[in-house]
Amino acid sequence: MILRTHYSGQISADMDGKEVMLAGFAHEIRDLGGIAFLVLRDREGMAQITLVKKLLGKDVFKMARSISRESVVMVRGNVKAEAKAPRGYEILPTEIQVLSAAQVPLPLDPTEKVECELDTRLDSRFMDIRRPCVLAAFEIESAVLCSLRDYFHKKGIVEVFTPKIVAAATEGGTDLFPISYFEKEAFLNQSPQLYKQMLMGAGMDRVYEIGPIFRAEEHDTRRHLNEAISIDLEVSFADDKDVMEILEEAVAGAYSYVADNCRRQLEVLNMELEVPRLPFKRITYTRALELAEEKAGARMQWGDDLDTETERFLGESIGEHYFLIDWPSSIKPYYTLPYEDKPEICRGFDLMHPRMELASGAQRVHDYSLLVERIKEKGLDPDGFEFYLRAFRYGMPPHAGWGLGLSRLVMTMLNLENIRDAVIFPRDRRRLVP
Ligand code: ATP
Ligand code: MG
């Protein structure tokens with residue numbers, strides 16, 4: 001079936017006289033009596049279809065004029081250079097088919113210039129995504145993934161998939177969604193952490209996974225969802241510094257890929273993308289606290305997770321991506337390796353965008369006895385981690401890795417207000433549909 005030979009963006013005035021077929025949505029119909037304009041919108045933009053009664057005949061003209069907005073249409077016609085038309089061409093149709101008529105009224109108006117409520121938009125997401133600026137963010141997200149996969153592939157990092165239905169918590173937390181799994185209790189996985197580490201014990205050496213993570217936390221923020229896509233990496237015979245370099249290269253690489261390959265989408269979003277400079281600054285947790293206290297009078301206890309005030313101060317004063325390193329061991333998970341000579345701090349790091357955390361990573365504990373000890377110190381029962389701990393008893397390479405939130409990367413890259421703008425069908429405390 002051929003219903004389209006070109007996207008609107010692939011046609012230009014120099015194709016004058018050529019026959020083309022376009023397919024898309026009836027964006028707008030302007031009726032001027034003996035002549036009417038149908039603006040056809042597809043993924044790449046808009047094309048002006050000029051309907052002339054004399055050329056089309058009375059019946060076709062009448063039918064075309066009465067097409068309801070947002071109906072799906074196919075137009076066959078000839079390109080005509082027309083300086084006054086948007087993009088410098090118009091289409092003189094020889095055939096118009098309505099493939100699927102849209103009912104009236106529309107649940108939301110995709111041509112609407114005024115922003116409507118996020119909830120209304122999400123309720124009718126299929127219609128919302130017809131808006132070019134909404135679609136552009138998801139096309140850019142796909143380009144980000146393409147860039148990351150390409151980068152990993154070039155570095156010899158293998159893509160893997162680990163289970164999302166699991167028997168135990170990664171960090172023993174309560175933030176898990178229980179599910180029924182035949183006669184057993186099971187959960188949706190909060191992170192591929194334990195599995196990717198086991199793959200280091202399997203000799204896979206360098207792996208990445210792009211997949212969903214589930215967090216049953218009742219947060220109500222602009223940067224948390226209950227289901228998110230995480231980009232996870234784990235590398236053997238590497239330390240925290242090595243994987244931080246991979247992380248910053250991957251992030252900066254995604255920016256340049258988007259800047260080079262998504263010009264049209266960036267134009268739709270009316271933005272110029274600045275590629276972050278490498279290397280990102282490294283700031284220790286302790287120094288960050290001192291700075292926040294000296295300069296902003298923040299009062300944080302050493303050993304507390306960064307409060308929003310401190311995070312905001314750091315973001316504003318640094319103004320670009322940075323790494324927070326050398327965290328207190330007490331607030332990083334048990335699998336984070338403490339410094340040998342100073343076990344109260346560890347080789348964990350966070351990648352920060354001035355607005356928020358983008359990724360967390362670490363050099364991991366690969367010594368079996370130390371790992372068991374760390375699990376106990378966190379008040380967890382090593383028996384519950386037997387499936388994981390086994391992989392550490394028969395030879396486990398030293399390794400390091402990280403997890404990066406895809407939507408946070410896209411949201412900060414495109415300066416989107418809410419993480420929900422970077423997720424097609426977001427899942428939060430109140431939203432399970434659509
Ligand atoms: P935060 O402190 O911002 O809640 P976290 O430290 O709990 O995040 P990690 O467990 O370190 O998150 O997960 C690694 C990355 O995955 C985060 O840096 C973030 O980009 C992403 N991520 C984690 N939880 C969520 C969530 N609920 N919604 C969206 N992205 C998330
Ligand atoms: Mg984190």
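Atoms within each ligand, like the ligands themselves, are counted from 1 in listed order.
Contact between His219 and ligand 1 is present, with at least one heavy atom of the residue lying under 4.0 Å from the ligand. Residue contacts with ligand 1 include Ile419, since one of its heavy atoms falls under 4.0 Å from the ligand.
The Mg ion (ligand 2) has an N, O or S atom of Glu357 closer than 2.8 Å.
Between Ile213 and ligand 1, not a single N/O pair is under 3.5 Å apart. Any N or O atom pair closer than 3.5 Å counts here, and Glu217 shares no such pair with ligand 1. Residue Ser230 has no nitrogen or oxygen atom sitting less than 3.5 Å from a nitrogen or oxygen atom of ligand 1, judged on distance alone. Annotation: Leu358 places an N or O atom under 3.5 Å from an N or O atom of ligand 1; distance criterion only. Taking any N or O of Leu404, backbone or side chain, none lies under 3.5 Å from an N or O belonging to ligand 1.
Within a 6.0 Å sphere centred on CD of Glu386, other residues, nucleotides and ligands contribute more than 12 heavy atoms. Residue Glu294 places its CD atom among more than 12 non-hydrogen atoms of other residues, nucleotides or ligands, all under 6.0 Å distant.
Lys155 places a side-chain heavy atom less than 4.5 Å from the side chain of Glu249. Using a 4.5 Å heavy-atom cutoff, the side chains of Val39 and Arg30 are in contact. Within the 4.5 Å cutoff, side-chain heavy atoms of Tyr255 are placed close to those of His321.
Ring geometry for Tyr388 against Tyr334 counts as perpendicular: the plane angle is over 60°, on a 0 to 90° scale with 30° as the lower cut. Phe387 and Tyr195 have tilted rings, their planes meeting at an angle from 30° to 60° on a 0 to 90° scale.
Looking at Tyr368 and Arg393, their side chains do bring a donor and an acceptor atom within 3.5 Å of each other. A donor atom on one side chain and an acceptor atom on the other are not found under 3.5 Å apart for Ser147 and Asp150.
Nearest protein heavy-atom neighbour of atom 26 (C) of ligand 1: Leu225 O, 3.5 Å. Of the protein's non-hydrogen atoms, Ser360 OG, 3.0 Å is the one closest to atom 11 (O) of ligand 1. Nearest protein heavy-atom neighbour of atom 21 (C) of ligand 1: Gly405 CA, 3.7 Å. Protein heavy atom at the shortest distance from atom 14 (C) of ligand 1 is Gly403 O, 3.5 Å. Taking atom 8 (O) of ligand 1 as the reference point, the nearest protein heavy-atom neighbour is Glu357 OE2, 3.6 Å. Ranking the protein heavy atoms by distance from atom 4 (O) of ligand 1 puts His224 NE2, 2.5 Å first.
Salt bridge status for Asp326 with Arg287: absent, with no side-chain N to carboxylate O gap under 4.0 Å.
Which of Lys332, Arg215, Arg223 comes nearest to atom 24 (N) of ligand 1 through a heavy atom is settled by distance: it is Arg215. The heavy atom nearest to atom 25 (C) of ligand 1, out of those in Met352, Met411, Arg408, is found in Arg408.
The closest donor-acceptor contact from the side chain of Arg206 to the backbone of Val158 lies at 3.5 Å or more, if one exists at all.
Only the backbone of Ala359 comes within 4.0 Å of ligand 1, judged by heavy-atom distances.
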